[in-house]
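Taking it in order: structure first as structure tokens, then the write-up.
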2 protein chains.
Amino acid sequence: MASDHTRSAILAAAERLYADRGFGDVTLRDIVAEAGVNLAAVNYHFGSKDELIAELFVTRSVQTNRERLRELKAAEEQGGGRAPIEVILRALVGPTLRGCLGPENQRSTAARFMIRASIESVPPIRRIKNREIDHLRKFAASMRRSLPERSEVDIYWGLNFALAMAHHTIRESERLIKLSEGKCDLEDVEDVVGRVVSVATMTLTAAKVEAKSRALARDAR
Amino acid sequence: MASDHTRSAILAAAERLYADRGFGDVTLRDIVAEAGVNLAAVNYHFGSKDELIAELFVTRSVQTNRERLRELKAAEEQGGGRAPIEVILRALVGPTLRGCLGPENQRSTAARFMIRASIESVPPIRRIKNREIDHLRKFAASMRRSLPERSEVDIYWGLNFALAMAHHTIRESERLIKLSEGKCDLEDVEDVVGRVVSVATMTLTAAKVEAKSRALARDAR
DNA sequence: GATAGTTTCATACAAATGTTTGAATTGCAA
DNA sequence: TTGCAATTCAAACATTTGTATGAAACTATC
């Protein structure tokens with residue numbers, strides 16, 4: 001199988017360029033120039049441009065998902081099959097937030113690539129994301145074990161909102177900083193994780209508050 | 001200025017096609033074919049493809065923003081300058097959710113277009129979104145008046161999370177339905193609005209719970 | 001009804017881009 | 001070394017795409 005030199009040079013160059021400039025205006029010619037290889041090499045090694053993008057994304061996705069499951073499993077084992085909901089949620093959103101936020105200058109290429117993927121959402125990536133459901137089901141199952149008295153629907157909504165806060169904060173981090181004039185410190189990642197987890201935990205535990213507030217809100221209609 | 005026939009036919013056709021098939025694979029030729037007009041008409045009336053997209057998006061955006069501000073203003077006047085936080089949040093996320101969720105078959109073209117714009121995020125639209133900050137500032141100000149004891153940073157985070165839940169739910173509605181096997185009913189829009197508002201309200205009011213949960217979560221690290 | 005301004009149309013342009021081709025080169029095994 | 005497969009390369013291909021052009025058709029004003 002010889003050395004992967006060309007193949008990995010393409011992957012590295014592509015990830016860097018996509019991270020810096022987005023999928024929209026990076027062409028195969030840009031990539032091969034950056035990688036110092038021939039144009040045809042991309043199709044030879046990956047088949048097509050889309051398959052190259054897909055490979056980049058799956059690689060990073062499985063890394064994140066592995067990390068998430070590692071944390072989840074550790075928490076469940078420690079709790080004898082039942083982990084506290086905060087810890088489950090932390091395993092869900094922590095790895096992504098830690099990977100994508102933090103000081104800008106020390107954000108890895110991989111992280112910046114994943115942020116791009118989250119913002120631009122190009123077809124090959126969308127296709128892969130649709131297969132992520134099985135992964136999320138594991139978290140839903142764990143959350144049900146953690147909060148057996150909670151309805152299934154509420155669990156799914158809690159999961160949805162937790163992901164919402166994490167992903168939206170990453171996607172719109174620039175806007176949040178501008179809106180708050182820098183007062184929201186997105187470089188303090190653990191604070192962000194804590195905020196997301198605590199809000200999501202509230203969603204799933206503070207039954208009365210939620211019901212009351214929802215009723216109140218409905219009246220106001 | 002003659003009749004707007006061609007111009008509005010292009011706008012209508014473009015919005016419909018973009019809503020149905022996304023920005024990625026709709027060309028000017030598709031649009032003019034659907035509109036029954038000449039190819040050159042787009043550049044004649046709009047200058048460029050991007051300006052056409054921009055016009056579509058600003059039109060729908062100002063509609064939503066107007067609706068939001070109308071609700072906000074009504075609430076503040078009723079409360080003599082201070083509106084309850086739930087009502088402010090409802091004015092923030094209600095119009096968008098009501099416009100984009102609900103029974104699929106009765107979702108307007110405009111709504112479906114805005115969902116696309118939220119998912120695909122094409123350059124001309126991104127440029128416009130960046131100017132939306134002034135609009136959000138009005139909500140931040142209103143929220144500060146409503147919760148004067150709350151820190152400014154917490155207000156911004158609450159605003160961020162409220163938008164996060166609303167937009168993410170719209171963006172990923174399909175996935176949430178699939179994940180929950182239809183148990184999360186996104187057609188009951190008022191229920192969704194209520195959930196988002198109540199969670200966001202909790203974020204901003206349940207100080208002790210949040211602090212405690214955040215500390216707990218930090219320990220678990 | 002002539003004229004000037006606006007709008008429409010067919011067509012051409014120009015550039016970008018992913019992909020393919022077939023020959024050249026390389027590396028390794030027999 | 002010879003032979004064979006894998007890899008690299010330059011070049012060309014084939015489309016697709018947004019945009020520009022200039023003539024024709026239309027409209028309203030005087």
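In this structure, A:Asn43 places its CG atom 11 Å from C1' of C:dT17, rounding to the nearest Å. If you take CZ of A:Phe23 and C1' of C:dG18, they are 17 Å apart, rounded to a whole angstrom. Across the protein-nucleic acid pair, B:Asp50 atom CG and D:dT17 atom P stand 15 Å apart, rounded to whole Å. One interatomic measurement links the two molecules: CG of A:Leu28 to P of D:dC13, which rounds to 20 Å at whole-angstrom precision. Rounded to whole Å, atom P of C:dT7 lies 4 Å from atom OH of B:Tyr44. Distance, A:His5 NE2 to C:dG27 C1': 15 Å, rounded to whole Å. Across the protein-nucleic acid pair, A:Ile53 atom CD1 and C:dT17 atom C1' stand 13 Å apart, rounded to whole Å. For the pair A:Asp4 CG and C:dG27 P, the computed distance is 15 Å after rounding to whole Å.
Residues A:Phe161 and A:Val199 fail the side-chain proximity criterion, which asks for heavy atoms closer than 4.5 Å. Within the 4.5 Å cutoff, side-chain heavy atoms of B:Arg137 are placed close to those of A:Leu179. Side-chain contact check for B:Glu190 versus B:Arg98: some heavy-atom pair is nearer than 4.5 Å.
Taking for each of B:Leu39 and B:His45 the nucleotide of DNA chain C with the nearest heavy atom, the 5'-most of the two is the partner of B:His45.
Base engagement by B:Ala40 is indicated by at least one non-hydrogen atom pair under 4.0 Å involving a base atom.
In summary, the side chains of B:Arg126 and B:Ser121 do present a donor paired with an acceptor at a separation below 3.5 Å, with no hydrogens or angles considered.
Distances from the side chain of B:Arg29 to the nucleotides C:dC9, D:dT19, C:dG18 place D:dT19 closest. Nearest nucleotide to the B:Asn38 side chain, out of C:dA10, C:dG18, D:dA20: C:dA10.
Residue B:Thr6 places none of its side-chain N or O atoms closer than 4.0 Å to OP1 or OP2 of C:dT7.
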